[in-house]
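I have placed the structure first, in the form of structure tokens, so that the comments after it can refer back to it.
Along the sequence shown, residues carry numbers from 1. In listed order, ligands and their atoms are each counted from 1.
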Amino acid sequence: MKGKEYISVARGDAEGQARVAATAAQKPAAKPAEPQPEPKAPEFKYIGKPTARVDGREIVTGRAKFTHDIKLRGMLIGKILRSPYAAAEIVAIDLAPALALPGVMAALKLAEGKVRYAGQQVAAVAAVDERTAEKALALVKVEYKTLPYVVDWEKARDAGSPQVRDDKPNVEKINEYSRGDVEKGFAEADVVVERTYRTGFEVHNPTETHGSVAVWEGDHLVVYDSTQGIHGVRDGLARALKLPAANVTVIKNYMGGGFGSKLSLGDYTVAAANLARQAGRPVKMLNSRRDNAVCVGYRPSSHQTYKVGAKKDGTIVAFSLLNYASGGIAAGDDVAEPVVDIYKCPNCKVEEHTVFTNVGAQRAMRAPGHTQGAFGLESVMDELATALDMDPLELRRKNYSARNLGDTGLPYSSKGLDQCYDLGAKAIGWERRNRRPGEGSVSGPLRRGIGAASSIWFGAGSPGTLADVVLYPDGSVEVVCGTQDIGCGTRTHMAVVAAETLGLEPKDITVKLGNSDYPWAPISGGSLTTPSVAPAVRDAALKAVERLKAVAAARLKVEAGDIVMADRKFASKSDPAKSASFAEVCRDLRRETVFHGERGGMPGDQYAFNTFGAHFAEVEVDVETGRIRVLKYAAAQDSGRIINKLTAESQVVGGITQGLSAGLYEERVMDDMTGNVVNPNLRDYKIATSLDIPEIEILFADIVDPRINNLGTKGLGEPARVPSSPAIANAVYNAIGVHVREIPMTPQRVLAALKRKEAGS
Ligand code: MOS
């Protein structure tokens, strides 16, 4: 699977680790398992049902401590000075005037040589309060020699543009893939459609901005960090500060979102640790909303040209994709996996390039690559359907892959996408769509339309995840895992799985997470958390149950095989009069007892282990103003077994909200004249509000494959984001008869598309 392997190689940092973990988790075994009939799922009391968050009260009452809430005795406030120039040589940095200011306790130089984007860190200070820190920043003297820069990726492609990086030209090939013979495929096609789609720069904007608090306890560093990966931050800090990893602890109890921008160690965290060491006091370093827009990433842009060839009956015979991505000083995302994977087209060719600019580096953002790629691919599918005069859903059903069998040699597919098409089409009322785009009823300037889009994403979890279940002699139960809850409800799903397995209620379980001293779990990215952590907790709890049964058997003087567990009791099957309570059996353990759970590896068929989704949107477009309103939405997901229906639905609502927002409003704009971000705030960078969100119906496919893990559960966070923007774009196309082909679909772009339609192009 070239498309996938490329991903794991291309990203060297924690963002890549998500992909590597997701990919490694899905490596086909040498000898793939035969397809198994899906066994009937056991009846669960909590798993799969809606369970309110065990920490919900804590969060809504403000008692939950986020990184921003951490206050320590003697804590200083750290601030970072950032380059105002998109490219400059740093001639000199003088910290002395800042250090001379009363209340300033430490200062650092953070740059030498060249800075390559506006917002790059240059120096840092720590002071007794925020005002003093800000004054001190103004006193740091930096002498810059400005250099030519380019922030517009299309200009950066010109030969005459300033070279952004010293080590390579501005345009670099980042991905190549091919199977079959596309030229032959196009020659055999009855219909060929070629279109270009663009996606803009989308900023993560988590509610809680990035930030860290660093405190030294002797030679042990403790860092509270708003991060998606406590273990990765620990290892990164150990490397950056030349400390043994054993001397670093990273804590993250609650977080207000990350969406990929908090997957890896931040340079502000290293600065906080260094300032704290210098000052001998704790340092808190919080990024501002502006920092959030200029130095901790965004979704890279894409400029995707698809050519697709099909037979009259809708059989796709050739696909080609040429993409230009831009991720600032870092490479953009390759977006080809959807076109490589979703449809079984025998001839497929991909070429992708990145264009470097003097802009901060992109960071992985919720289904990196897939989100952009699905926008282009699913849009061209709809334009192809029009050219074939075919129902776009029929076109998809006809071509969706049972996987490229040549690659995996496997006859088995999850059938997840099929079910998602059925569920979503029924929920939205697919038959109500305009038979051909733009042929709906007209009511003044308003046009209505319905559209759909499909997705696949990884999400089978990370083998090697560890979790402990601890039973105390008083009957209390603790579940411990070094995962992190990034806002999705990880605490609750851990409690649900442990309670279910131990015959208790979720509120009986004390959950401990968010500390890198706890057993290892992967980053909370790549939609890995639930399919990694839930099976590990299940494994530990199953071991605990076995042990408790044995202890109960001894107490009741029966065979262990004779014991059944139900309702906080262990009873003898043969003599139901004999029973012992959960608490009594725990007391017999005499001391706290730890059961280690591990999430095991997986057999082959990586395609079946992917997650699938199909989203359906109904929109209303005002052809006079170009305004789009989403009226109704139906989302169907195959994420295997759902652990907590309530938080799973929240994930889907979040994915749709983000896709609607990026599809209609969100776009970071760069200023050519200054090399800075024009809209680094939430006033000028538009995000959807609750008033923009339509009625949403969420459906889950009923497919549980026990080969994936002991619960048959897959990820959901990213899958819900992938098809949301293209479903809306296709609905707009169905409404107005012309595809807007670029997100965000601003009123201006909608009106431009309508002009294009009038001009007949
Ligand atoms: Mo996700 S972009 O792996 O947090």
Which heavy atom in Glu742 sits nearest to a heavy atom in Phe375, and how many Å separate them? N-CZ, 3.9 Å
A student checking ligand 1 against Arg366 at a 4.0 Å heavy-atom cut-off should list atoms 2 (S)
So does Ala701 get a backbone contact from the side chain of Asp638, meaning a donor-acceptor N/O pair under 3.5 Å? no
What atoms in ligand 1 come closer than 4.0 Å to a heavy atom of Met365? 2 (S)
At a 4.0 Å threshold, what atoms of ligand 1 neighbour a non-hydrogen atom of Phe259? 2 (S), 4 (O)
State whether the side chain of Ser516 and the backbone N or O of Thr249 hold a donor-acceptor pair below 3.5 Å, judged by distance alone. no
Quick check on contacts: which atoms of ligand 1 are under 4.0 angstrom from a heavy atom of Gly526? 1 (Mo), 3 (O)
In ligand 1, which numbered atoms sit nearer than 4.0 Å to a non-hydrogen atom of Pro368? 2 (S)
I'd like to check whether Leu263 has a polar contact with ligand 1, where a contact means an N/O of the residue lying under 3.5 Å from an N/O of the ligand. no
Examine distances only and state if a side-chain atom of Asn709 and a backbone atom of Gly712 form a donor-acceptor pair shorter than 3.5 Å. yes
As an exercise, identify every atom of ligand 1 less than 4.0 angstrom from a heavy atom of Ala364. 2 (S)
Considering only heavy atoms, does Gln228 approach ligand 1 within less than 4.0 Å through its side chain, its backbone, both, or neither? side chain
Do you see a donor-acceptor pair shorter than 3.5 Å between the side chains of Asp539 and Asn710? no
Within the structure, does Ser527 bring an N/O atom to less than 3.5 angstrom of an N/O atom in ligand 1? no
What residue pairs, at least two apart or across chains, pass salt bridge (charged side-chain N to carboxylate O under 4.0 Å, His left out) with a residue in residues 371-380? Glu378-Arg396
If we only count N/O pairs under 3.5 Å, is Gly260 in contact with ligand 1? yes
Any donor-acceptor N/O pair, Thr269 side chain to Leu265 backbone, under 3.5 Å: no
Partner residues of Glu208 under the side chain to side chain contact (heavy atoms under 4.5 Å, CB included) criterion, sequence neighbours left out: Phe66, Thr67, His68, Ser226, Met255, Lys262
Which ligand 1 atoms are under 4.0 Å away from a heavy-atom of Gly525? 1 (Mo), 3 (O), 4 (O)
